[in-house]
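What you see is a predicted model, and the numbers here were worked out from it, not measured in a lab. Both backbone and side-chain heavy atoms feed into the values below; hydrogens, waters and symmetry mates do not.
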Amino acid sequence: MADPAPAAPQLPLLDKIHGPADLKALGAAELPELCRQMREFLLHSVQQTGGHLGSNLGVVELTVALHRVFDFKRDRVVWDVGHQCYPHKILTGRRDGFARLRMTEGLCGFPHPRESEYDLFHTGHAGTSIALALGLAYGGAHEPDPPRAVAVIGDASLGAGVAFEALNNAGASGQRLLVVLNDNEWSISRSVGALARYLTRIRSARVLQRAGQEIHGLLQSIPLVGDKLDRRLDEVREVLRHAVVQGHVFEELGVTYVGPLDGHDVGYLIENLERVKRLEGVVLMHCLTEKGKGHPKAPSHPERVHGVKGAAKATPAPTAAAVPHKLESARTEAGKLERVAAPAVPSGPAYTNAFAQALIKLAERDLRVHALTAGMPSGTGLDAYAERFPTRFHDTGITEQHAVAMAAGMAKAGLRPVVAIYSTFLQRAYDQVFQEVALQDLPVLFALDRGGLVGQDGPTHNGVFDIAYLRTLPNFVLAAPRDQTDLERMLALGLASKGPFAVRWPRDNCPGRERIPALERRVLEPGTAEVVLEGGEIVIWAYGALVNQALAAAELLRERGVDVGVVDARFAKPLDEELLGRQLSSARWIVTVEEHQRAGGFGSAVLEAASRSLNARARVKVLAIPDRYLEHMSTREEQLASVELDADGIASAVGALVRARVT
């Protein structure tokens, strides 16, 4: 029996806050206690529901200070990435929604304009806040008293190329813009690169800054001459600061630098925000915070408290991917299939872990193998690879464009680079994928994690466009495994390829049972599909992990007397046009199944091939994600069911084709 959830803490001061106006009504002396109660609420609530915890615990005082000083009904705030917006949501009247944080029809884990007028953008990718805020500043510049635009960005996001592009442009723009740098030395893992080292040098000047604060207070207390001495001290302090940190890079860009400040001293933050609010031009306010502040494990394990799993969630029912064997079923009065509880089947390892272990084995045999990621070593499973091969691992920070271009250079020099990036984040490097890799026909292997729906993170993280944006590039091979065995085989094939190669897999576990033993499988070569279930006039061509849902659907249909075949396409490019051509001429229906947008995906590739077939008899039915952004839900399985890409949905779609023929 599961342990009962801990009792909700008593938070009398926080209970008074229903919007920013209530925050402004509090006395200054009450704000530290409010911050303490907000942190206590987050610790209790997020550990029950799951979500991003560490980043939010670190920005409590900063968020309180921003809402105390600014009026964000009129002023503008943009949260970079957005995963640190929970305190902002609390202060803008959404605290009650935290009981269903990141659940179906519940509170989004990122800013979302549909939720609140205080959320201007639905953000989820790093580095864009300064550009967005600068655009907002231009938009309000014509007003007599322009609203203030504020971008809150982390030190890891500041290393993204788009952030520097925006800062460079903003410094020359003459617009009024406040950039709040939340510097905690971490993104998900520790921040990397020269900028991170530079910020460390600024932190080392903090002794001077603290001493200056104390002397400032002392001089201000001296009658008549205190102000004059304090101004002279400012000049001396500036000289000393430049002596410690040579060539202040922000000021060279035309940006007024303020800091570093203690990001957990709410009163001092408010004092400085009131001051910088009156300044013209672009101001960067550098705040030092502690990721996970208040969490007992934060000082020793900041990465572990970045995101937590919910303690109160029920264990989900086994998915079709984990249950490729026969499912018991019953028909409803409407003629649809309703799944009855089936015996639980243990699932295999997470695809991410299976990838990491397979890559380690391949790297042991080939010294040319290097692994690259853009600020996501743990998310892509490469932290284990990094420990095993530290000199052949490269975390470039949140710089997808640079990572892909560098991989092209490695490939040109004779190495075998593996670029491990979430499907949704590779979109940011599309030009480099095209020009530096595909156009040069270089052997770069792209390992696309989160290829498909991702459940709680929603549309900013759903990896449902990669087939379309890669399939149009000549020379590319696109593959997707249905299980661990084919994942390992595809990685080996990709490393042996003479050109660009991409493998995608979902945010899920591999099936615990594999239908065809490894030694009995068809030879894996680009453009070779595999028949996993012989069938009659209806054949399901499935791509990637949804092969398992297709097999489960076929079992359901066979119970109803419908003879259905299943083909694992294995490759979206090149297609197995020989096998497809034979089945187009012999079958009545080819049904394609994919975890991708309908437009431009695997089904589109099959339709294009069918248009080239001279003897095609069969019609093609495409089952894919419809032409809309799919909002976050509690699980990936629930998302699949919502667009009828689970076993029941596939079976219902095929059943409709059978009924249409009969009638």
**Request:** Look at atom CD of Q10 and say whether more than 12 heavy atoms of other residues, nucleotides or ligands are closer to it than 6.0 Å.
**Result:** no
**Request:** Evaluate whether atom CD of E117 has more than 12 neighbouring non-hydrogen atoms of other residues, nucleotides or ligands under 6.0 angstrom away.
**Result:** yes
**Geometric cation-pi criterion K73 and Y118, 6.0 Å radius, 45° cone** = no
**Item:** Salt-bridge criterion met for R100 and E105 (N-O under 4.0 Å)
**Value:** no
**Item:** Beyond-backbone contact of R76 with R148, side-chain heavy atoms, under 4.5 angstrom
**Value:** no
**Prompt:** Taking all non-hydrogen atoms of both residues, which atom of A166 and which atom of A131 are closest, and how far apart?
**Reply:** CB-N, 3.5 Å
**Prompt:** Is it the case that S378 and D383 place a side-chain donor and acceptor less than 3.5 Å from each other?
**Reply:** no
**Fill in**
When every non-hydrogen atom of H264 is compared with those of G58, the smallest separation belongs to CE1-O, 3.3 Å
**Asked** Is there a donor-acceptor pair closer than 3.5 Å between any side-chain N or O of D648 and the backbone N or O of E644?
**Response** no
**Prompt:** Is there a donor-acceptor contact under 3.5 Å from the side chain of Q37 to the main chain of L14?
**Reply:** yes
**Asked** Any side-chain heavy atom of L91 within less than 4.5 Å of one from P20?
**Response** no
**Message:** With a 4.5 Å cut-off on side-chain heavy atoms, are L630 and S642 touching?
**Reply:** yes
**Prompt:** Distance from D80 atom CG to L158 atom CG, nearest 0.5 Å?
**Reply:** 9.0 Å
**Message:** Using a strict threshold of under 4.0 Å (side-chain N to carboxylate O), is an ion pair present between R36 and E33?
**Reply:** yes
**Request:** Taking all heavy atoms of V59 and all of P87, pick out the closest pair and write down the distance.
**Result:** CG2-CG, 4.0 Å
**Prompt:** Charged N to carboxylate O under 4.0 angstrom, R74 versus E143?
**Reply:** yes
**Asked** If you measure from the Lys or Arg side-chain nitrogens to the Asp or Glu carboxylate oxygens, is any gap between E61 and R68 under 4.0 Å?
**Response** no
**Request:** Provide the closest heavy-atom pair for E631 versus H122 in the form atom of the first, atom of the second, distance.
**Result:** OE1-CE1, 4.2 Å
**Asked** So, do T380 and I421 sit near enough that their side-chain heavy atoms are less than 4.5 Å apart?
**Response** no
**Item:** Distance flag, aromatic centroids of H83 and F110, threshold under 6.0 Å
**Value:** no
**Request:** Check for a donor-acceptor pair, side chain of R428 on one end and backbone N or O of E400 on the other, with a separation under 3.5 Å.
**Result:** no
**Message:** Pair E638, T104 - check side chain to side chain donor-acceptor pair (under 3.5 Å), show working.
**Reply:** CA-CA 8 Å; E638 193 171 353; T104 306; 2.9 Å; yes
**Asked** Side chains of L31 and L23: does their closest heavy-atom pair fall under 4.5 Å?
**Response** yes
**Message:** As an exercise, state the distance from CG of D15 to CG of D22, rounded to the nearest 0.5 Å.
**Reply:** 11.5 Å
**Item:** Stepwise side-chain contact (heavy atoms from CB on, under 4.5 Å) test for M285 and N272
**Value:** CA-CA 9 Å; M285 194 173 97; N272 278 273; 4.2 Å; yes
**Asked** How many angstroms lie between atom OG of S129 and atom CG of L134, to the nearest 0.5 angstrom?
**Response** 11.0 Å
**Request:** Using modelled atom types only, decide if a donor and an acceptor are shared between the side chain of D119 and the backbone of H112 within a distance under 3.5 Å.
**Result:** yes
**Main-chain N/O of P9 paired with H44 side-chain donor or acceptor, under 3.5 Å** = no
**Complete:** The reported gap from CD1 in I270 to NZ in K277 (rounded to nearest 0.5 angstrom) is 12.0 Å
**Prompt:** Take atom OH in Y138; do more than 12 heavy atoms of anything else shown fall under 6.0 Å from it?
**Reply:** yes
**Message:** Is it true that N182 and T289 share a donor-acceptor pair across their side chains at a distance under 3.5 Å?
**Reply:** yes
**D457 side chain reached by N462 side chain, heavy atoms, under 4.5 Å** = no
**Request:** For the pair D183 (side chain) and L288 (backbone), establish whether a donor and an acceptor sit closer than 3.5 Å, ignoring hydrogens and angles.
**Result:** no
**Asked** Is the distance between the ring centroids of H461 and H632 less than 6.0 Å?
**Response** no
**side-chain contact (heavy atoms from CB on, under 4.5 Å) between V258 and R275, intermediate numbers included** = CA-CA 10 Å; V258 176; R275 181 162 63 92; 3.7 Å; yes
**Item:** Any side-chain donor near an acceptor of the partner, D466 and H596, under 3.5 Å
**Value:** no
**Asked** Where the side chain of N56 meets the backbone of C85, is there a donor-acceptor pair that is under 3.5 Å apart?
**Response** yes
**Message:** Would R95 and F41 count as a cation-pi pair here, with the cationic atom under 6.0 angstrom from the ring centre and within 45° of the axis?
**Reply:** yes
**Message:** If I take atom OH from residue Y422 and atom OG1 from residue T352, how far apart are they, to the nearest 0.5 angstrom?
**Reply:** 6.5 Å
**Request:** Find out whether V464 and E595 are in side-chain contact, i.e. whether some heavy atom of one side chain is under 4.5 Å from a heavy atom of the other.
**Result:** no
**Request:** Compare every heavy atom of A133 with every heavy atom of L177, then report the nearest pair and how far apart it is.
**Result:** CD1-CB, 3.5 Å
**Message:** Tell me the closest heavy-atom pair linking A163 and I153, and the distance in Å.
**Reply:** CB-CD1, 4.0 Å
**Prompt:** Is any side-chain heavy atom of T123 closer than 4.5 Å to a side-chain heavy atom of T460?
**Reply:** no
**Request:** Kindly compute the distance separating CG (D508) from CZ (R636), expressed to the nearest 0.5 Å.
**Result:** 4.5 Å
**Message:** Using only atom types and a distance under 3.5 Å, with no angle test, would you say the side chain of Q84 pairs donor to acceptor with the backbone of W79?
**Reply:** no
**Request:** Using modelled atom types only, decide if a donor and an acceptor are shared between the side chain of K293 and the backbone of V60 within a distance under 3.5 Å.
**Result:** no
